[in-house]
**Student:** 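Okay, here's the structure, questions in a sec.
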Amino acid sequence: MSSKIEHLKDLSTLVSLCKRRGLVFQSSEIYGGLGSCWDYGPLGSQFKLNVKLAWWQAMTRRSDVVGLDAAILMHPTVWKASGHVDTFTDPLVDCKDCKTRFREDHGMKDGKVVCPNCQSENVTEARNFNLMFKTFMGPVEDDGAVVFLRPETAQGIFVNFENVQTSARKKIPFGIAQIGKSFRNEITPGNFIFRTREFEQMEMQYFVKPDTASDHFEQWKETRKNFLLALGLKEEKLKFVEHGENELAHYAKAAFDVEYEFPFGWQELEGIHNRGDFDLKQHQEFSSKKLEYFDEANKEKYVPYVIETAIGCDRLCLALLCDAYREEISELDNGKTDKRVVLGLNPQLSPYKAAILPLSKKPHLQELAHKIEADLITHWEVNYDESGSIGKRYRRQDEVGTPFCITVDFESVDDKKVTIRHRDSMEQERIEIEQLTKYIADAFHQWN
Ligand code: GAP
C-alpha cells in the first residue's frame with residue numbers, strides 16, 4: 001500500500017468541511033445568507049474560543065500586560081481624534097455599463113481604471129467611501145445621534161490608558177490586551193472568514209518610553225512570531241514583511257506584517273506597529289485631558305509611545321484550519337484509493353480533546369463508555385459517539401482534529417482497559433481506564 005499527503009489547495013473544500021461538521025455556517029442561511037457574515041457552529045465556536053484563550057493567556061500571563069473589555073460603541077469624537085472619520089476611506093468607482101462597484105486600485109490596468117467585471121473603461125470618478133458603519137443612539141435619527149460601530153478595538157484601549165494605568169498601578173513599559181468585535185463596511189470582503197464586515201480582533205497596545213520604542217518593537221516581532229509557530233502554523237507558510245515608508249498608515253512610525261500563505265495567496269495575518277505617540281496625543285487634544293505618564297524614579301513626564309500587535313481572530317482561525325487540513329491518500333491492494341481527511345490541529349485548539357467510542361450499543365459497554373465520558377468531561381471537551389462503524393467514527397473525529405479516540409470494547413468491562421488511538425499516527429495502545437486522564441494530560445504536555 002503506498003500513500004501520499006495532499007494539503008489544502010482550494011478554499012471551497014474547507015468551506016464545505018466547515019459547514020458539514022458544524023464549524024462555520026453562512027449567516028442567515030435560510031434567508032439566502034448575508035454577504036460576508038458567518039456563524040460559528042458547535043465545533044467552530046469551541047475552536048474559536050480555544051484560539052482566543054491561547055492568545056489571551058499568551059498576552060496576560062505576564063506581569064506587564066493586563067486585559068480590557070471596552071464597549072463597541074464609543075463617543076463619536078473618538079473617531080475624529082483617531083483619524084477614522086477623515087481618513088478611513090477607500091476610493092470607490094462605479095462601472096456605468098454593468099453597474100459593478102469596485103475599489104479604484106482593484107481596477108487599475110496600465111494606468112487606466114477598467115471595470116474588473118466587464119472590462120469597460122466607462123467608469124465614474126473615484127469617490128471616497130468611509131468604511132465605518134454608522135448607527136443612531138437613542139430614538140431620534142438625526143446627525144447629533146450618530147455613533148459608529150468601532151472599526152478597531154485599539155481606540156478602546158487608548159481612551160482607557162489613564163484608567164488602566166492608575167487602577168492596575170502599572171509602570172511603563174506595560175501593555176493592555178483586548179479581544180472584541182470590530183466592523184468595517186469592506187467594499188470587497190471575501191475568501192470565507194478572511195475578510196468580513198464583522199470580525200473579531202485580538203489587539204495589544206504596549207506603552208513604552210519613546211526612546212525604547214524600537215527595542216520593544218523588535219521584541220514584540222519575535223514574541224508574536226514564536227506564538228504563531230507554537231500554535232502550530234508551518235514556518236514555511238509564514239513571512240515577515242516590513243512596510244516601506246510610503247506604505248505606512250497615517251499613525252505608524254514603523255510597521256511589520258506577518259503574512260500567511262493561504263490557498264488564495266500570501267496575505268496579511270497580523271500587523272505589528274510602532275504607532276508612536278499619535279493616538280494618545282490626538283486624544284489629549286480632542287478631549288483636553290492629559291494622557292501623560294509620570295516616571296517617579298526619574299521625575300520625568302512624557303506621552304508614551306505605543307507598540308501595537310493586531311490580529312484578526314477569524315483570520316487566524318482560517319490560517320490554522322488551512323494549515324491543519326491534510327488528505328492522506330492511499331492506494332489499496334485491491335486497486336482502489338482511500339482518502340483520510342485530517343485536521344492536524346494543535347490539541348490545545350481542537351474542539352474535542354477526545355472521543356469515547358463504545359464498540360457496540362450493548363448496555364454494559366454504553367454504561368462503561370458514559371462513565372469514562374463523565375470522568376474526562378470534567379477536564380476537557382469530549383465527544384461520545386456510538387453511531388456507525390468504528391472506522392467511520394474514527395474518520396469523523398480525524399476530520400475535526402480530535403487528537404484521541406478511546407474505544408471501549410467487550411474486554412474493557414473485564415480488564416478495565418481501553419484502546420486509545422492517536423489521530424496523526426493512527427497507532428493504537430491498550431491502557432488502563434484509571435490512567436486515561438493522566439495519559440492524555442501528559443500527551444498534551446509533550447505535544448509541542
Ligand atoms: N489597530 C490596528 C488595526 O486594526 P489592521 O491592520 O487594520 O490594524 C489588524 O487590522 C488585523 O485585523 C489584520 O491584520 C487582520 O488580521 C484583521 N482584520 C482587519 N480587517 C479585517 C476584516 N475585514 N476581516 C477580518 N479580519 C480583519
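Order of listing sets the numbers, starting from 1, for every ligand and every atom in it. Quick note: numbers below take in every heavy atom, side chains included, and nothing from hydrogens, waters or symmetry partners. The shown structure was predicted, so the numbers you read here are calculated from the model rather than taken from an experiment.
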**Student:** Heavy atom to atom 5 (P) of ligand 1, shortest distance: which of E203, R184, E270 holds it?
**Tutor:**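 When every heavy atom of E203, R184, E270 is considered, R184 comes closest to atom 5 (P) of ligand 1.
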**Student:** Tell me, which protein residue and heavy-atom name are nearest atom 14 (O) of ligand 1, and how many Å apart are they?
**Tutor:** E268 OE2, 2.5 Å
**Student:** Donor-acceptor pair, distance only, cut-off 3.5 Å: does the side chain of K234 make one with the backbone of D323?
**Tutor:** yes
**Student:** Any donor and acceptor pair, going by atom type alone, linking the side chain of R150 with main-chain N or O of S182 inside 3.5 Å?
**Tutor:** no
**Student:** Just heavy atoms, cut-off under 4.0 Å: does R195 contact ligand 1 by side chain, backbone, both, or neither?
**Tutor:**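 Both of them.
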**Student:** Please list, in number order, the atoms of ligand 1 under 4.0 Å from a heavy atom of G312.
**Tutor:** 11 (C), 12 (O), 15 (C), 16 (O), 17 (C)
**Student:** Which one of E186, Q155, E152, E259 has a non-hydrogen atom at the shortest distance from atom 3 (C) of ligand 1?
**Tutor:** E152
**Student:** Looking at ligand 1, does any of its N/O atoms fall within less than 3.5 Å of an N/O of H273?
**Tutor:**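 There is no such contact.
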**Student:** Can you see whether Y394 has R421 sitting over its ring - NZ or CZ less than 6.0 Å from the centre and within 45° of the normal?
**Tutor:**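 Flagged: R421 positioned over aromatic ring of Y394.
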**Student:** Tell me which protein heavy atom sits closest to atom 18 (N) of ligand 1, plus the residue, atom name and distance to 0.1 Å.
**Tutor:** F199 CE1, 3.6 Å
**Student:** Closer than 4.0 Å to some heavy atom of F194 - which atoms of ligand 1 meet that?
**Tutor:**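 Counting from 1, the qualifying ligand atoms are 24 (N), 25 (C), 26 (N).
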**Student:** Compute the shortest N/O to N/O distance between L269 and ligand 1 and return yes if it is under 3.5 Å, no if not.
**Tutor:**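 Yes, at least one N or O pair falls under 3.5 Å.
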**Student:** Looking at the rings of W380 and Y352, which for Trp means the six-membered one, are their centres under 6.0 Å apart?
**Tutor:** no
**Student:** List every atom of ligand 1 that sits less than 4.0 Å from any heavy atom of A154, numbering the atoms from 1 in the order shown and giving each element.
**Tutor:**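 The list of qualifying atoms is 1 (N).
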**Student:** Less than 4.5 Å apart, side chain to side chain, heavy atoms only: is that true for Q205 and E203?
**Tutor:** yes
**Student:** What is the closest protein heavy atom to atom 24 (N) of ligand 1, and at what distance does it sit?
**Tutor:** T196 N, 3.0 Å
**Student:** Of all the heavy atoms in R275, does at least one lie under 4.0 Å from an atom in ligand 1?
**Tutor:** yes
**Student:** With ring centroids as reference points, do Y206 and W220 lie under 6.0 angstrom apart?
**Tutor:** yes
**Student:** Would K225 pass as a cation-pi partner of F240, given that its NZ or CZ must be under 6.0 Å from the six-membered ring centre and within 45 degrees of the axis?
**Tutor:**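 Judged by the rule (NZ or CZ under 6.0 Å from the ring centre, within 45° of its axis), K225 counts as positioned above F240.
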**Student:** Say whether Q205, considering both its backbone and side-chain N or O atoms, lies within less than 3.5 Å of an N or O atom on ligand 1.
**Tutor:**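 In this structure, Q205 places no N or O atom under 3.5 Å from an N or O of ligand 1.
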**Student:** Do any N/O atoms on Q201 end up under 3.5 angstrom from N/O atoms on ligand 1?
**Tutor:** yes
**Student:** Hey, does E152 have a side-chain heavy atom less than 4.5 Å from the side chain of R184?
**Tutor:**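 Heavy-atom side-chain distance check passes, below 4.5 Å.
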**Student:** Check each heavy atom of E308 against ligand 1 and say whether those closer than 4.0 Å belong to the side chain, the backbone, both or neither.
**Tutor:**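 Under 4.0 Å from ligand 1, E308 contributes side-chain atoms alone.
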**Student:** Quick one: look up the protein heavy atom nearest atom 15 (C) of ligand 1 and list residue, atom name and how far away it is.
**Tutor:**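 Closest protein heavy atom to atom 15 (C) of ligand 1: R315 NH1, 3.5 Å.
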**Student:** Y293 and F207: aromatic ring centres closer than 6.0 Å?
**Tutor:** no
**Student:** I want to know whether F148 and F133 have ring centres closer than 6.0 Å.
**Tutor:** no
